[in-house]
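I have placed the structure first, in the form of C-alpha cells, so that the comments after it can refer back to it.
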Amino acid sequence: MASQYYQEMQENFRNNNKSREFPAHSAKVHSVAWSCDGRRLASGSFDKTASVFVLEKDRLVKENNYRGHGDSVDQLCWHPTNPDLFVTASGDKTIRIWDVRTTKCIASVSTKGENINICWSPDGQTIAVGNKDDVVTFIDAKTHRARAEEQFKFEVNEISWNNDNDMFFLTNGNGCINILSYPDLKPIQSINAHPSNCICIKFDPTGKYFATGSADALVSLWDVEELVCVRCFSRLDWPVRTLSFSHDGKMLASASEDHFIDIAEVETGEKLWEVQCESPTFTVAWHPKRPLLAYACDDKEGKYDSNREAGTVKLFGLPNDS
C-alpha cells in the first residue's frame, strides 16, 4: 500500500509538474541554494559570479549579480538562520561573504588552495571550506579568521556538520564517510559506505537521516544515531553528484549525468516522481517550505546556438497552468 504522503505528493506533482528556466549566468551554473526563509535563491557559476533571485509567486526575479571572484564560483551556501548572508567558494583561493541588503562583499578570506566545497555550521558561527589539495579550513564567521586547518590524506569530496553541530562529516575518494568530533576535530569513525568514490552528503532537516551519493550510482540513506545504512536508492545509472532533502525530510532528490532527477520517498525508497532534464544535472535544492525544486544543468546541449541555454537556473514544481 502506498502511503498517504505518497498519494498526496503524486497528486501534487500531477498538478504541479512544470519546470521553468530563468537566465542567471553567462556560463554553466555549479551550485544553487535557498536562503533559510525561502525568499531568495542564489546561484554560483563558472562565469566567476553569484546571482541572487527573489521568489515571487511562481517565478524567480533576478535581484542582483555579485562580482569580485577571480575564478569559477564552485559552491555557495546561506547562513543557517540569517536570510541576508551567503558565502561563496572559488578557485581563486578565497571565500567571500555577501550581504543581500547592501549587495556588497562583507569579507574576502584568503585560503591556501582552490576552493571547491563550502558549508556553514548550523549554529552560524563557523564556515568550513575544502580545497583541491584536501585541506579543510574552519573560518570564524564573525572575525573572518581561520580557527583550524586540517590536511587529509585522502580525497575530500563534500563536507557537512550534523544538525547538532557536534560532529563533522567528510565524504572521500575511497568510498568512506569520515566523522570527526567538533570542535576538537578528533576522528570518531570511518564508515565504508560505497565500493567507489563517495561524492556528496546531505543531512535531512529533521536530523533523523543523512544521505550520501556515490560514483557507483547509488544513494544510501543513513540513520544519524546508529550510523547504519537504512536503505539504498538505485534508479540512477551515473555517479550521483548532488542531493537534497525536502523541508519535511520526506523526499530526497538526487541527480547525476542521467537526464532526469530522481525524487524518492525517504521512508519507503519508492519513486515519487522524476524530473526530465536534457543534460546532466550539477546541483539540486528543495525550497525550505514548499515542494519546489531548484536545479541547474550542464546546458551546453544547444546544438545550433551554443549559448542559448547556458547559465540558466531551473525551478520544478510549478502549477501546470502557470
Side-chain angles (χ1 to χ4, degrees), residues 31 33 35-36 74-90 93-99 106-174 176-193 198-212 222-228 243 245 249:
S31 180
S35 58
C36 59
D74 278 352
Q75 207 176 27
L76 52 79
C77 62
W78 292 83
H79 187 290
T81 53
N82 180 339
D84 297 318
L85 298 181
F86 70 98
V87 62
T88 49
S90 168
K93 302 188 178 183
T94 68
I95 68 162
R96 284 175 177 252
I97 303 173
W98 311 86
D99 189 325
I106 307 179
S108 175
V109 184
S110 294
T111 57
K112 288 205 167 149
E114 296 177 40
N115 299 312
I116 46 176
N117 288 310
I118 196 156
C119 60
W120 210 310
S121 64
D123 65 8
Q125 291 179 19
T126 312
I127 295 163
V129 57
N131 70 23
K132 283 184 177 168
D133 305 317
D134 309 313
V135 174
V136 177
T137 307
F138 294 86
I139 293 161
D140 186 308
K142 285 205 174 62
T143 66
H144 311 136
R145 292 206 168 89
R147 281 190 178 151
E149 197 175 79
E150 289 282 316
Q151 168 76 61
F152 293 94
K153 292 186 174 66
F154 46 75
E155 177 190 317
V156 174
N157 290 321
E158 204 159 35
I159 52 179
S160 180
W161 273 271
N162 64 336
N163 298 19
D164 292 338
N165 217 106
D166 60 1
M167 290 195 281
F168 191 77
F169 287 64
L170 310 97
T171 58
N172 81 23
N174 313 326
C176 294
I177 304 163
N178 290 83
I179 307 170
L180 310 176
S181 59
Y182 189 81
D184 46 7
L185 302 175
K186 298 273 183 288
I188 295 179
Q189 201 167 339
S190 174
I191 303 171
N192 286 328
C198 192
I199 299 170
C200 45
I201 183 166
K202 279 290 180 301
F203 282 78
D204 95 65
T206 69
K208 188 175 174 186
Y209 299 120
F210 65 91
T212 57
W222 301 79
D223 180 298
V224 170
E225 291 294 306
E226 308 286 329
L227 295 176
V228 293
L243 297 167
F245 281 97

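Only a predicted model underlies this, so the values are computations on that prediction, with no experimental measurement involved.
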How would you list, by chain and number, every residue that makes a side-chain hydrogen bond (donor to acceptor under 3.5 Å, both in side chains) with [X], sequence neighbours excluded?
| X | value |
| --- | --- |
| Glu155 | Asn197 |
| Asp164 | none |
| Glu114 | Lys132 |

Mind telling me whether Phe203 and Phe169 have parallel, tilted or perpendicular rings, with 30° and 60° as the class edges?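 Answer is perpendicular, since the angle exceeds 60°.
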Can you say whether the rings of Trp161 and Phe168 are parallel (under 30°), tilted (30 to 60°) or perpendicular (over 60°)?
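Rings of Trp161 and Phe168: perpendicular, over 60°.
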Where is the tightest heavy-atom contact between [X] and [Y], given as atom of each residue plus distance?
| X | Y | answer |
| --- | --- | --- |
| Ile177 | Cys198 | CG1-SG, 4.4 Å |
| Pro80 | Cys36 | O-CB, 3.3 Å |
| Ala141 | Ile97 | O-CD1, 4.3 Å |
| Ala89 | Ile95 | CA-CG2, 4.3 Å |

### Query
Are Val109 and Thr137 close enough that some pair of their side-chain heavy atoms sits under 4.5 Å apart?
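Not touching, per the 4.5 Å side-chain cut-off.
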By the definition side-chain contact (heavy atoms from CB on, under 4.5 Å), identify the one residue from Ile159, Val129, Thr111 that meets it with Val136.
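Result for side-chain contact (heavy atoms from CB on, under 4.5 Å) with Val136: Ile159.
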Here's a test for you: under side-chain contact (heavy atoms from CB on, under 4.5 Å), which of Asp74, Val135, Asn131 qualifies with Asn115?
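That would be Asn131; it is the only one of Asp74, Val135, Asn131 passing the side-chain contact (heavy atoms from CB on, under 4.5 Å) with Asn115.
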**Item:** All salt bridge (charged side-chain N to carboxylate O under 4.0 Å, His left out) counterparts of Asp84, not counting sequence neighbours
**Value:**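 For Asp84 the salt bridge (charged side-chain N to carboxylate O under 4.0 Å, His left out) partners, ignoring immediate neighbours, are Arg101.
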Quick check for you: to the nearest 0.5 Å, what is the distance between [X] atom [atom1] and [Y] atom [atom2]?
| X | Y | atom1 | atom2 | result |
| --- | --- | --- | --- | --- |
| Asn174 | Asn192 | CG | CG | 9.0 Å |
| Leu170 | Leu180 | CG | CG | 5.5 Å |
| Phe152 | Asn178 | CZ | CG | 7.5 Å |
| Asp166 | Ser121 | CG | OG | 12.0 Å |
| Ile188 | Ile179 | CD1 | CD1 | 7.0 Å |
| Thr171 | Asn117 | OG1 | CG | 7.5 Å |

(message) Against His79, only a single residue in Trp120, Phe86, Trp98 fulfils ring-ring contact (aromatic ring centres under 6.0 Å, His included); can you say which?
(response)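 Single pass found, and it is Trp120.
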| query | Does any N or O in the side chain of Asn172 come within less than 3.5 Å of the main-chain N or O of Phe154, such that one atom is a donor and the other an acceptor? | reply |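 Looks like no, no N/O pair under 3.5 Å.
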Check against side chain to side chain contact (heavy atoms under 4.5 Å, CB included), Cys77 and Val87 | CA-CA 6 Å; Cys77 62; Val87 62; 3.5 Å; yes
Quiz item: If you look only at pairs with a residue in residues 142-152, which of them pass as a salt bridge (Lys or Arg N to Asp or Glu O under 4.0 Å), with sequence neighbours excluded?
Solution: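 Found Lys112-Glu149, Asp140-Arg147.
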Identify every side-chain donor-acceptor pair in residues 205-212 under 3.5 Å, counting partners at least two apart or on other chains, and give the distances.
{"from": "Thr206", "atom 1": "OG1", "to": "Asp204", "atom 2": "OD1", "distance (Å)": "2.4"}
{"from": "Thr206", "atom 1": "OG1", "to": "Asp204", "atom 2": "OD2", "distance (Å)": "3.2"}
{"from": "Thr206", "atom 1": "OG1", "to": "Lys208", "atom 2": "N", "distance (Å)": "3.4"}
{"from": "Lys208", "atom 1": "NZ", "to": "Glu267", "atom 2": "OE2", "distance (Å)": "3.1"}
{"from": "Tyr209", "atom 1": "OH", "to": "Glu267", "atom 2": "OE1", "distance (Å)": "3.3"}
{"from": "Tyr209", "atom 1": "OH", "to": "Glu267", "atom 2": "OE2", "distance (Å)": "3.1"}
{"from": "Thr212", "atom 1": "OG1", "to": "His194", "atom 2": "NE2", "distance (Å)": "3.1"}
{"from": "Thr212", "atom 1": "OG1", "to": "Ser220", "atom 2": "OG", "distance (Å)": "2.8"}
{"from": "Thr212", "atom 1": "OG1", "to": "Trp222", "atom 2": "NE1", "distance (Å)": "3.3"}

If you apply the rule side chain to side chain contact (heavy atoms under 4.5 Å, CB included), what do you find for Gln151 with Asp134, and how did you get there? CA-CA 6 Å; Gln151 168 76 61; Asp134 309 313; 4.1 Å; yes
task = Begin from the C-alpha positions of Tyr182 and Thr126 and carry the test side chain to side chain donor-acceptor pair (under 3.5 Å) through to its verdict.
result = CA-CA 11 Å; Tyr182 189 81; Thr126 312; 3.2 Å; yes
Exercise. Please indicate whether Glu225 has more than 12 foreign heavy atoms, meaning atoms of other residues, nucleotides or ligands, lying under 6.0 Å from its CD.
Key: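 No, because the 6.0 Å sphere around CD of Glu225 holds 12 heavy atoms or fewer from other groups.
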